[in-house]
Amino acid sequence: MFRILLEIKEENIMTDVRVRIAPSPSGNLHIGTARTALFNYLFAKKNNGKFILRIEDTDAERTSQEYIDNIFDSLKALGLNWDEGPDVGGEYGPYTQSERFDIYPVYAQKLVDAGFAYECFCTPEELEAEKEIATANKKPYVYSKKCEHLTDNEKAKLRAEGRKPAIRFNISKAQHAFHPTSELMFDDMVKGELKVNTDLIGDFVIMKSNGTPTYNFAVVIDDMLMKISHIIRGEDHISNTFKQILIYEALGAEVPRFGHLGMILAPDRSKLSKRHGATAVSEFVESGYLTEALINFVALLGWSPSDGVEIKPVDEIAADFRINEISSSNSIFEYDKLRWMNSHYIKMLPMDELKKRLLPYLKKYDLSQLSEAQFNRMIEITREPLILLSDITDAVSYFFGEDVVIEPEVQTEVLDTETAQEVLSEFLKQAKNWSFDEETLHEKLEGFRGEFKEKGVKPKQTMWAIRAAVTGRTKGADMTAILSILGKDKVFKRVSKVIKSKV
RNA sequence: GCCCCCAUCGUCUAGAGGCCUAGGACAACACCCUUUCACGGUGUAGACAGCGAUUCGAAUUCGCUUGGGGGUACCA
């Protein structure tokens, strides 16, 4: 009953849904950002809303075009297409913060005029001193509001000294204007009611002394102007949310709904970083992960399908998606399950598509050595154990070149044995007259194994000897197919080479 | 230090007071299939962090403790 009421309530709010992903281009698109983007995308799809991309490049020092391109490409590769953004435009552009720098001071001034913000001339040293006192007294650091009531004369004097003011938001002013007590609360879509005592939030800077906006101010202005209705982001933003709500209110704007996702952690419960492996979407792709697998896997971090079927495409996930059912705790990024999922997606790829995607990992080989039929067959018999697309490189190495690299253990444990030597000599003798098509080979080898079995050699060992001589390994794809693809010449050459002449 | 969030097998999760002897997936292990590896199939093992409270009844509600994460910037 309660549940039904909740859903109805939710439906009502779902008019004109506009969500956004706002990455800052200080690195390649992180897998965590990709997940946040996905959840926004799913929410938009589920509610017939718009998904917007905004680039937050306020910090010019850390921004680069390369990263911007990477973000675009990664998002596209994942299929997270945006309805409005820097490249496609839209009604509420521009969608790059650095192109919006003239907007922010206007709103900052509005806040100053309304008494919700004030100029602050404090130097970094003064601020630092305040902080030290606070920590020494084990008190939370809250800005002293020293500059709140500066007179025009005092300000003029400070300006004359060459000081440039920052603009601070007046927390208590806003709090008291819109709320009865200093407790500020909002209803988070994934975590429920979240609250804070605003007395503990200092008056924070909204415009830096160099005239650029701080993050907390720029997001609010942009989200407000872009009519963002729901903000879904990582829980590292929870404390920002309170500040942002107050800005919305001071501006007389409608406060959007917020939803905060748990973070993605590395297996050691620390932040996921390069030392744990790939972290950027593009890195995963380069190392052989399929974007379909990546997106599916990441969807399962915090969300679970109602029918229990974990592997499904994004549009099906979108249809089943409910933001209030997302887990509110952090989740650990377990590469094992991603790998399993990736192998599953590789298995599901149609042959043509698979060949296309495998090509980049076959560059080191001279593919002209093989006919198209041989190439297809090679892929067919080697695709099964692939976990990453890149695994193909090693999986097919013995199909190329005259000789083959024999692993040391294979040499000593298999090829050097008397049995193997016998098998191989006999193989050369008999196979001389065989036709090397798969059907014949299959039949002949069966008989061949049979003969040795009578002599007490297990079929396994018989095949091992041949496999070791031809591929240099003890494991691998179907032997008849391998022999057939390589052809009699190469096979004989390789086998002869490992037979120890016992003249 | 202070503030906030979180807590079910190793991991991702199902679980909305009796449907729970806690279900599924990955990983692990065993067996089957098999010319190897793998795939596939069948099984096994494995969790409600602890303590109190509420209740006839708690994984589920409340409190404390512990553990983990986040925030505490003129970074985003």
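Convention: sequence-line order gives letters A, B, ...; per-chain numbering from 1.
As rounded to the nearest Å, B:A22 and B:A47 have C1' atoms that lie 9 Å from one another. When the C1' atom is used for both B:U72 and B:U55, the distance is 41 Å, rounded to whole Å. Comparing B:C62 with B:G17, their C1' atoms are spaced 14 Å from each other, to the whole Å. Atom name C1', nucleotides B:U8 and B:G50: the rounded distance is 15 Å, in whole Å. Taking atom C1' in both B:G68 and B:A58, one finds a spacing of 24 Å when rounded to whole Å. Between B:A7 and B:C64, the distance separating the two P atoms is 16 Å to the nearest Å. Rounded to whole Å, the separation between the C1' atoms of B:C9 and B:C48 comes to 10 Å. Atom P of B:A49 sits at a distance of 15 Å from the matching atom of B:U13, rounded to the whole Å.
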Which pairs, protein N/O on one side and nucleotides 72-76 of chain B N/O on the other, fall under 3.5 Å?
from  : atom 1 : to       : atom 2 : distance (Å)
B:C74 : O2     : A:Ser209 : N      : 2.8
B:C74 : O2     : A:Ser209 : OG     : 2.9
B:C74 : N3     : A:Ser209 : OG     : 3.2
B:C74 : N4     : A:Cys122 : O      : 2.9
B:C75 : OP2    : A:Lys208 : NZ     : 2.8
B:C75 : O2'    : A:Asp59  : OD2    : 3.1
B:C75 : O2'    : A:Arg62  : NH2    : 3.3
B:A76 : OP1    : A:Lys208 : NZ     : 3.0
B:A76 : OP2    : A:Tyr215 : N      : 3.0
B:A76 : O3'    : A:Glu56  : O      : 3.3
B:A76 : O2'    : A:Ser24  : OG     : 3.1
B:A76 : N6     : A:Asn240 : OD1    : 3.4
B:A76 : N6     : A:Asn240 : ND2    : 3.2

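The shortest distance between side-chain heavy atoms of A:Val495 and A:Val470 falls below 4.5 Å. In this structure, A:Val255 and A:Met224 have side chains that are not in contact, with every pair of non-hydrogen atoms separated by 4.5 Å or more.
Across all strands shown, B:U35 has no partner, as no Watson-Crick or G-U wobble contact with both distances under 3.5 Å is found. With a cut-off of 3.5 Å on both pairing distances, B:A58 has no Watson-Crick or G-U wobble partner at all. Judged by Watson-Crick or G-U wobble contacts below 3.5 Å, the nucleotide B:C20 has no partner. Look at B:G63: its Watson-Crick or wobble partner, with both distances under 3.5 angstrom, is B:C51. The nucleotide B:G46 finds no pairing partner, because no Watson-Crick or G-U wobble arrangement with both distances shorter than 3.5 Å includes it. With a 3.5 Å ceiling on both atom-pair distances, B:C74 lacks any Watson-Crick or G-U wobble partner.
Taking atom CD1 of A:Ile264 as the reference point, atom P of B:G70 lies 13 Å away to the nearest angstrom. Between A:Arg339 atom CZ and B:C12 atom C1' the separation is 17 Å, expressed in whole Å. Per the geometry, CD1 belonging to A:Ile133 stands 16 Å off C1' belonging to B:C2, to the nearest Å. Look at CZ on A:Phe242: it is 15 Å from C1' on B:C2, rounded to the nearest Å. Spacing between atom CD of A:Glu235 and atom P of B:G70 amounts to 9 Å, rounded to whole angstrom units. We find that CG of A:Leu301 is positioned 18 Å from P of B:C6, with the value rounded to whole Å. The distance from atom CD1 of A:Ile238 to atom P of B:C5 is 7 Å, rounded to the nearest whole Å. Distance, A:Asp307 CG to B:G15 P: 13 Å, rounded to whole Å.
Under the 3.5 Å distance criterion, with hydrogens and angles disregarded, a donor-acceptor pair is assigned to the side chains of A:Ser435 and A:Asp437.
Checked against the 6.0 Å centroid threshold, A:Phe297 and A:Tyr289 do not count as a close aromatic pair. Taking the six-membered ring for Trp, A:Trp340 and A:Tyr335 have ring centres at least 6.0 Å apart. A centroid separation of 6.0 Å or more is found between the aromatic rings of A:Tyr143 and A:Phe204. Here the two rings, on A:Phe39 and A:Phe321, have centers that are under 6.0 Å apart.
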- [ ] Evaluate the side chain to side chain donor-acceptor pair (under 3.5 Å) criterion for residues A:Thr58 and A:Gln97: first the C-alpha distance (whole Å), next the side-chain angles of each, then the deciding distance (0.1 Å), finally the verdict.
- [x] CA-CA 6 Å; A:Thr58 310; A:Gln97 271 184 345; 2.6 Å; yes
TODO: Summarise how protein sits on nucleotides 24-39 of chain B as a single string, 5' to 3': B when a protein heavy atom is under 4.0 Å from the base, S for sugar-phosphate-only contact, - for no contact.
DONE: BBSS-------BBBBS
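Checked for salt-bridge contact, A:Arg20 and A:Asp222 miss the test: no charged N lies under 4.0 Å from a carboxylate O.
Here A:Ser329 does not reach the OP1 or OP2 of B:G69: none of its side-chain N or O atoms lies under 4.0 Å away.
Residue-level contact check: A:Gly234 touches neither bases nor backbone, having no heavy atom under 4.0 Å from any strand.
Other residues, nucleotides and ligands contribute only 12 or fewer heavy atoms inside 6.0 Å of the NZ atom of A:Lys139. Environment of NZ in A:Lys164: sparse, with no more than 12 heavy atoms of neighbouring residues, nucleotides or ligands closer than 6.0 Å.
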